[in-house]
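Read the structure below first, then the notes.
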Amino acid sequence: MAYESVRGMRDILPQDIGYWTLLEDKVREIARRFNYREIRVPLVEHTELFSRGIGEATDVVNKEMYTFPDKKGHSLTLRPEATASVVRAYVEHGLHTVEPFQKLFYIGPMFRYEKPQKGRSRQFHQYGVEAIGSLDPALDVEVINLAWELMDSLGLKGLSLRLNSIGCAADRKQYRQILRDYFAKLIGTMCEDCQRRYEENPLRILDCKNDLCQPHIKDAPGSADHLCKSCADHFAQVENYLKELGLSYEIDSRLVRGLDYYTRTVFELVSVDLGAQDELLGGGRYDGLVEMLGGPPTPGVGFAGGMERLILVLKERMGSLDDRQRLDLFLATLGEEGRSLALDLARDLRRQGLSVDLDYRGRALRKQMAQANQLGARYLLVLGDDETASKKGKLKEMDSGGETEVMLTVEEIERVIE
RNA sequence: GGGAGCGUGGCGCAGUCGGUUAGCGCACUGGGUUGUGGUCCCAGGGGUCGCGGGUUCGAGUCCCGUCGCUCCUCCCA
């Protein structure tokens with residue numbers, strides 16, 4: 001093999017593109033229903049945007065970013081996620097001065113330097129929504145509702161939504177201490193990673209799946225039980241609205257997210273069809289992010305979903321997706337005369353919106369028929385000397401084999417095909 | 001980052017204790033008489049057996065390294 005794609009960077013071939021366009025169409029359609037507008041932000045940002053926005057201590061920033069200097073020595077980074085960029089754009093363009101409440105969505109590639117495996121590649125694609133400018137718990141629920149609607153429109157059932165609240169910055173600081181106190185005498189018996197986490201970020205201990213640690217984690221105090229009055233109220237209302245809308249969820253007091261900007265509500269949607277990467281989509285509030293990135297104090301909530309993962313589930317549940325649209329007409333040609341006529345007709349019929357193709361390999365009529373058949377052509381027209389002379393031809397309907405005699409004019413051919 | 005398994009034509013696979021020209025199915029190309037398809041029949045093209053090194057008279061088959069893929073772990077979407 002002369003060249004191979006870079007590790008973790010995959011081609012999406014025509015045979016699979018149907019899943020992608022289907023998914024993109026659904027995202028746009030559902031976003032439209034909820035009145036979210038599309039935003040497209042650059043793939044490259046100043047490194048600092050992510051190190052500050054996502055958090056210096058996170059794995060994503062620490063060891064997973066594609067960071068490089070440009071020719072002037074500025075440190076740039078291929079975006080590992082889009083929330084920071086969207087918020088940057090919100091602040092940079094003063095969107096808050098025009099209309100402080102913005103509902104936005106995006107679709108596009110992200111980059112993270114990780115070990116590739118099922119449901120995880122280095123260039124991967126996310127769709128996501130961001131609702132910036134309101135602390136209303138009903139908005140948290142709208143975002144979750146949007147996610148459910150999207151899954152529903154794709155026919156996906158049996159997914160589960162995990163929900164938690166990690167509180168405001170002050171709550172987290174306090175909760176961190178509560179966890180440290182709780183794990184203080186247990187940590188000696190727990191795994192190495194947890195010992196490190198104990199020092200760096202005890203919240204992450206809750207994520208550990210090590211058998212050594214599990215029993216202790218099971219009984220650890222949950223973050224939702226240690227919220228300030230306002231965060232507790234907020235969380236209670238989120239739950240109320242969810243129940244009101246009949247959206248199922250389960251509280252997971254061990255749910256903590258890996259990016260530092262999250263506050264209060266956090267959630268993720270998981271699927272049993274995926275292996276180790278079972279998280280289909282995840283998100284939550286980020287009430288401090290806008291201010292951290294230089295804007296006015298502004299709350300926000302959103303989520304991002306992985307498209308590769310979703311497509312894995314779709315393939316599992318839907319099986320093959322034949323999105324190939326049928327060709328309207330194949331022009332089989334014999335000789336130079338027929339070919340000229342075909343080129344003329346093809347141009348005119350294409351201008352009328354019909355999909356038309358013809359032979360470019362000088363193949364025998366038999367083979368051209370076979371090709372038309374393989375392309376799923378609805379109609380076929382043989383163009384040779386007879387047709388050129390008489391200006392008449394037989395439009396053959398491929399499925400039935402029936403033929404209709406037509407004058408070789410755009411109007412008449414179009415009339416039969418339509 | 002740690003662990004395990006796997007790497008043979010475009011795709012899916014076979015290849016027996018290492019042995020002579022590396023096979024099969026699908027796909028692809030041509031043909032089955034001169035202007036008609038999806039079935040069928042025949043023929044053909046295409047592989048330095050991931051790459052590099054080693055053992056051996058001889059390696060796709062054994063050993064080492066390397067790259068890649070898959071799964072787990074980790075992390076997250």
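In what follows, chains are A, B, ... by sequence order, proteins preceding strands, each numbered from 1.
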key: Any side-chain heavy-atom pair of A:Asp136 and A:Gln237 under 4.5 Å   = no
ask   = Contact class for A:Arg112 vs. all strands (heavy atom < 4.0 Å): base, sugar-phosphate, or nothing?
value = base
task = Quote, to the nearest angstrom, the P distance that separates B:G46 from B:U70.
result = 31 Å
ask   = Using atom P of each nucleotide, how far apart are B:U66 and B:G2 to the nearest Å?
value = 11 Å
task = Map A:Arg122 and A:His125 onto RNA chain B by nearest heavy atom, then report which one ends up closer to the 5' terminus.
result = A:Arg122
query = With a non-hydrogen cut-off below 4.0 angstrom, is A:Met398 in contact with a base, only sugar-phosphate, or nothing?
reply = base
task = Take atom CG of A:Leu13 and atom P of B:A27, then tell me their distance rounded to the nearest Å.
result = 19 Å
ask   = Rounded to the nearest Å, what distance is computed from the CD atom of residue A:Glu403 to the C1' atom of nucleotide B:G37?
value = 11 Å
C1' spacing across the pair B:U61 / B:U20, given as an integer number of angstrom = 15 Å
Minimum-distance nucleotide to A:Gln117 side chain [options: B:C72, B:A77, B:G37] = B:C72
remark   = Taken to the nearest whole Å, CG/A:Leu380 to C1'/B:G37 is 8 Å
note = In Watson-Crick or G-U wobble terms, with both distances under 3.5 Å, the base opposite B:G38 is none
query = Rounded to the Å, how far apart are A:Gln371 CD and B:G30 C1'?
reply = 15 Å
message = Categorize A:Gly8 for me: base, sugar-phosphate, or nothing, with a 4.0 angstrom heavy-atom threshold over every strand shown.
response = sugar-phosphate
ask   = OP1 or OP2 of B:G31 less than 4.0 angstrom from a side-chain nitrogen or oxygen of A:Arg366, does that happen here?
value = no
query = Is there a Watson-Crick or G-U wobble partner for B:U70 with both distances under 3.5 Å, and if so, which one is it?
reply = B:A4
key: Distance in angstrom units between A:Asp59 CG and B:A77 P, rounded   = 12 Å
key: Base-pairing assignment for B:C26 (Watson-Crick or G-U wobble, both under 3.5 Å)   = B:G10
request  = Could you let me know what B:G18 is paired to, Watson-Crick or G-U wobble, both distances under 3.5 Å, or none if it's on its own?
outcome  = none
ask   = Taking CZ from A:Arg326 and C1' from B:G38, how many angstroms apart are they, rounded to a whole number?
value = 12 Å
remark   = With the side chain defined as heavy atoms from C-beta on, A:Lys367 is closest, among B:U36, B:C72, B:G31, to B:G31
query = How is A:Arg257 classified with respect to the nucleic acid when contacts are heavy atoms under 4.0 Å: base, sugar-phosphate, or nothing?
reply = sugar-phosphate
query = Do any side-chain nitrogens or oxygens of A:Arg7 fall under 4.0 Å of OP1 or OP2 in B:C69?
reply = yes
ask   = Is the shortest distance from a Lys or Arg side-chain nitrogen in A:Arg257 or A:Glu279 to a carboxylate oxygen in the other one below 4.0 Å?
value = yes
message = Side chain of A:Asp386, heavy atoms from C-beta onward: which of B:G35, B:G38, B:A77 has the nearest atom to it?
response = B:G35
key: Whole-Å distance separating the NZ atom of A:Lys396 from the C1' atom of B:G37   = 6 Å
query = Looking across every strand, which nucleic acid part, if any, lies under 4.0 Å from A:Gly401 by heavy atom: base, sugar-phosphate, or nothing?
reply = base
request  = Would you indicate, yes or no, if B:G37 has its OP1 or OP2 atom less than 4.0 angstrom from a side-chain nitrogen or oxygen of A:Gln374?
outcome  = no
query = Under a 4.5 Å cut-off applied to non-hydrogen side-chain atoms, are A:Ile144 and A:Phe303 in contact?
reply = no
key: Residues A:Arg10 and A:Glu308 bridged, charged N to O under 4.0 Å   = no
request  = Using the C1' atoms only, state how far B:A77 lies from B:G18, rounded to an integer number of Å.
outcome  = 48 Å
message = Within the 4.0 Å heavy-atom criterion, would you say A:Leu280 contacts the bases, only the backbone, or no part of the nucleic acid?
response = sugar-phosphate
query = Counting side-chain heavy atoms from C-beta on, which of B:G68, B:U36, B:C75 comes nearest to A:Glu64?
reply = B:C75
inquiry  = Does A:Arg122 qualify as a cation-pi partner of A:Tyr113, given the criterion of NZ or CZ under 6.0 Å from the six-membered ring centre and within 45 degrees of its axis?
reply    = yes
task = Take atom P in B:G38 and the same atom in B:U29, then report the distance between them in whole Å.
result = 14 Å
ask   = Do A:Asp399 and A:Arg326 sit within salt-bridge range, that is, some charged N less than 4.0 Å from a carboxylate O?
value = yes
ask   = Among A:Leu163, A:Ile166, A:Asn164, A:Leu206, which one satisfies side-chain contact (heavy atoms from CB on, under 4.5 Å) with A:Leu255?
value = A:Asn164
inquiry  = Of the options B:A77, B:U70, B:C72, whose atoms approach the side-chain atoms of A:Arg10 most closely?
reply    = B:U70
inquiry  = Pairing check on B:C51: which nucleotide meets the Watson-Crick or G-U wobble criteria with it, both distances under 3.5 Å?
reply    = B:G65
query = Below 3.5 Å, does any donor atom in the side chain of A:Lys115 face an acceptor in the base of B:G2, or the other way round?
reply = yes
query = Roughly how many Å is it from CG in A:Leu365 to P in B:G32, rounded to a whole number?
reply = 12 Å
task = Please measure how far the P atom in B:U16 lies from the corresponding atom in B:U36, and state the result in whole Å.
result = 49 Å
query = NA contact type, A:Gly119, heavy-atom cut-off 4.0 Å: base, sugar-phosphate, or nothing?
reply = base
ask   = On a whole-Å scale, what distance lies between the C1' atoms belonging to B:G44 and B:C49?
value = 22 Å
inquiry  = Please pick, from B:A77, B:U70, B:G35, the nucleotide with the shortest atom-to-atom distance to any side-chain atom of A:Lys118.
reply    = B:U70
ask   = The side chain of A:Arg120 lies closest to which of these nucleotides: B:C74, B:G35, B:G37?
value = B:C74
task = Using the P atoms only, state how far B:G53 lies from B:G58, rounded to an integer number of Å.
result = 15 Å
task = Name the closest nucleotide to the A:Ala304 side chain, picking from B:A77, B:U36, B:G37.
result = B:A77
query = Below 4.0 angstrom, N of the basic side chain to O of the carboxylate: do A:Glu29 and A:Arg32 qualify?
reply = yes
request  = May I ask you to say what A:Gln15 touches in the nucleic acid, namely base, sugar-phosphate or nothing, with a heavy-atom cut-off under 4.0 Å?
outcome  = nothing
A:Lys315/A:Asp16 salt bridge by N-O under 4.0 Å criterion = yes
key: Minimum-distance nucleotide to A:Leu281 side chain [options: B:A77, B:C69, B:G31]   = B:A77
